[in-house]
Amino acid sequence: MRPPSILIGVVLTATVITQSGLTKAAERPNIIVILCDDMGYSDIGCYGGEIDTPNLNTLAKGGLRFTQFYNTGRCCPTRACLLTGLYPHQAGIGWMMTDRGHDGYRGDLNESCRTIPEVLRPAGYSTYGVGKWHVTKHIQPDGPKHNWPLQRGFEKFYGTITGAGSFFDPGTLTRGNQNISPITDTEYQPEQYYYTDAISDHAVRFIDEHCASTDEKPFFMYVAYTAAHWPMHALEKDIAKYKGKYDGGYSPTHAARAQRVVDLGLVKESFDSAPLIGDWDKVEHKEWEARCMEVYAAMIDNMDQGIGRILKSLRRNNQYQNTLILFMQDNGGCQETVGRSGNFKRPVEASLPKIADDAIRLDVIPKQNRAGVPTLKGPGVLPGPEDTYIAYGLNWANVSNTPFREYKHFVHEGGISTPLIAHWPNGIKEKGRLYREPGHLIDIAATCADVAVAEYPVEIRTA
């Protein structure tokens, strides 16, 4: 089942391939697809947000910004669609990682599809994956691994197999085919482990290792951040940057974004922005609520810092000019209420058995940390630290999705609208252009295959 080439024929061809004169395999670019998690349309600076994202802004200034690009409104189907170039039901993941008894809802990538790395690798590309996988129901260390990254086309992988978890001690953390503990991992021991940094650092590592080899093959890299999915976990140095920024509540940020998306030309001046949902005057725990957004902003800021390190690595290795970078989001801002109720107040003593440093964690919402402290939730504890597990909630998600309505899960614009930044100095000549034709992430795989001069297989041999 060959993925459609709508984006090739309608969108990227006009500004990328024909202008670059890409005709031979020797001219093929590296390709980096960056996907972030549970973020709203106007969170990043170049799409109207007040969060500091200078590196994404630079990519937007030097490339294309799409004003009407769409995802599937939910983590798993978006990833299945993006990776395969098929509608998620065709790939077997119409919903989440649950087998609901129908071929479109098996919760596992099926064998009727090929992933981007499975298509590009036979065409001479090296293939690397970092971050969130979340397209298989099999997460156990001793369970089936036929749909883990290395079995679906990637040569190297570092990340998590499941869909969410602690940023300081993520469950299902995996290097290659081996589950690992961040505490005892012999290959990566930063002064402070933080998953977003770990994703960025491994992306840089894979680029550096690739370019240091004698092999001159181009590479494909999939960088799937979990920022800014709950829990609201961030480093204090990043949170401090946003201290007090949201003390005025929802309205000032919502109004400023609604105006900036107009000023940037992302929507027409006559566009009727979705109304503000939250009433700050009725918020009981204002310090806690403002802190939720401070941590959320810090998570995105840290991701942008990591993207900056990836760009620096490309420049250092003389690969920046001929690398196609595509940045997008898996769904809109998340209204889920995870961790927003509870009666915890500090100090909280360790009251549960300790978890060994080398133990493999699989939990998405952990009941405790390794020291034995119960997972802290509710407005009695400020989000951010390792022992907390709190989402930023519906009202801030409404702000994140400005100017659109509704949220993750929904197929309203707030659930399915995503920025798409396309940056390729050797290929995109119209710098800073806004592209207004509708597009969908189903087109990404076909775009990658076309610029890679890769042939999609006519049939798949499973024997």
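Residues take their numbers from the sequence shown, with the count starting at 1.
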Does the [X] side chain pair with the main chain of [Y], one donor and one acceptor, at a distance under 3.5 Å?
X	Y	result
Lys268	Gly265	no
Asp443	His440	yes
Gln329	Met39	yes
Tyr47	Leu420	yes
Ser42	Gly48	no
Trp95	Gly107	no
Asn57	Cys46	yes
Thr115	Leu83	no
Asn398	Ile277	yes
Tyr188	Tyr193	no

query: Taking it one step at a time, do Asp387 and Arg346 satisfy side-chain contact (heavy atoms from CB on, under 4.5 Å)?
result: CA-CA 11 Å; Asp387 55 6; Arg346 294 193 185 279; 2.7 Å; yes
| task | Give a yes or no on whether Lys286 atom NZ has more than 12 heavy-atom contacts from other residues, nucleotides or ligands under 6.0 Å away. | result |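 Yes, enclosed.
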Q: Inspect the surroundings of CZ in Arg370 and state if more than 12 heavy atoms from other residues, nucleotides or ligands are less than 6.0 Å away.
A: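 Yes - once you tally the heavy atoms of other residues, nucleotides and ligands closer than 6.0 Å, there are more than 12.
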With distance as the sole criterion, is a donor-acceptor pair present between the side chains of [X] and [Y] under 3.5 Å?
X	Y	value
Tyr407	Ser400	no
Asp304	Asn55	yes
Gln68	Tyr435	no

Side-chain contact test, heavy atoms from C-beta onward, threshold under 4.5 Å: evaluate it for [X] versus [Y] and give yes or no.
X	Y	value
Tyr242	Met293	no
Thr67	Tyr41	yes
Ser417	Asn401	no
Val33	Cys448	yes
Pro117	Tyr222	no
Leu173	Tyr158	yes
Leu314	Ile325	yes
Thr418	Phe66	no

Applying side chain to side chain donor-acceptor pair (under 3.5 Å), can you list everything that pairs with Asp108, at least two apart in sequence or on another chain?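 Once residues adjacent in sequence are excluded, the partners of Asp108 under the side chain to side chain donor-acceptor pair (under 3.5 Å) criterion are Thr136, His138, Asn147.
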Would you confirm whether the ring centroid of [Y] sits within less than 6.0 angstrom of the ring centroid of [X]?
X	Y	answer
Tyr246	Trp396	yes
Tyr392	Trp230	no
Tyr194	Phe168	yes

Residues [X] and [Y] bridged, charged N to O under 4.0 Å:
X	Y	value
Arg257	Glu50	yes
Arg65	Glu430	no
Glu236	Lys243	no

Item to check | Lys132 and its side chain to side chain donor-acceptor pair (under 3.5 Å) partner, picked from Thr162, Asp37, Thr172 | outcome: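 Result for side chain to side chain donor-acceptor pair (under 3.5 Å) with Lys132: Asp37.
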Step-by-step side-chain contact (heavy atoms from CB on, under 4.5 Å) determination, Asp38 to Cys75: CA-CA 8 Å; Asp38 282 17; Cys75 296; 3.9 Å; yes
Discussion item. Please evaluate residues Leu441 and Thr78 with respect to the criterion side-chain contact (heavy atoms from CB on, under 4.5 Å), reporting the C-alpha separation (whole Å), side-chain torsions for both, the decisive distance (0.1 Å), and the verdict.
Written reply: CA-CA 8 Å; Leu441 55 81; Thr78 281; 3.5 Å; yes
Discussion item. So, applying side chain to side chain contact (heavy atoms under 4.5 Å, CB included) with Asp197, which one of Arg309, Gln305, Gln192 is it?
Written reply: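 With Asp197 as partner, Arg309, Gln305, Gln192 yield a single side chain to side chain contact (heavy atoms under 4.5 Å, CB included), made by Arg309.
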(message) Pair Asp52, Lys245 - check salt bridge (charged side-chain N to carboxylate O under 4.0 Å, His left out), show working.
(response) CA-CA 12 Å; Asp52 193 21; Lys245 192 171 188 65; over 6 Å; no
task: With rounding to the nearest 0.5 Å, note down the distance linking CG in Leu64 to CZ in Phe69.
output: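 Leu64 CG to Phe69 CZ: 12.0 Å, rounded to 0.5 Å.
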Q.
How long is the straight-line distance from CZ of Arg175 back to CD1 of Ile180, given to the nearest 0.5 Å?
A.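 These two atoms lie 4.5 Å from each other.
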**Asked** Do Arg114 and Arg152 pass the side-chain contact (heavy atoms from CB on, under 4.5 Å) test, and can you show the C-alpha distance, the side-chain angles, and the key distance before you say yes or no?
**Response** CA-CA 8 Å; Arg114 296 292 84 174; Arg152 296 309 302 247; 3.6 Å; yes
Classify the angle between the aromatic ring planes of Phe167 and His233 as parallel (below 30°), tilted (30 to 60°) or perpendicular (above 60°).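 Aromatic pair Phe167/His233 classed perpendicular.
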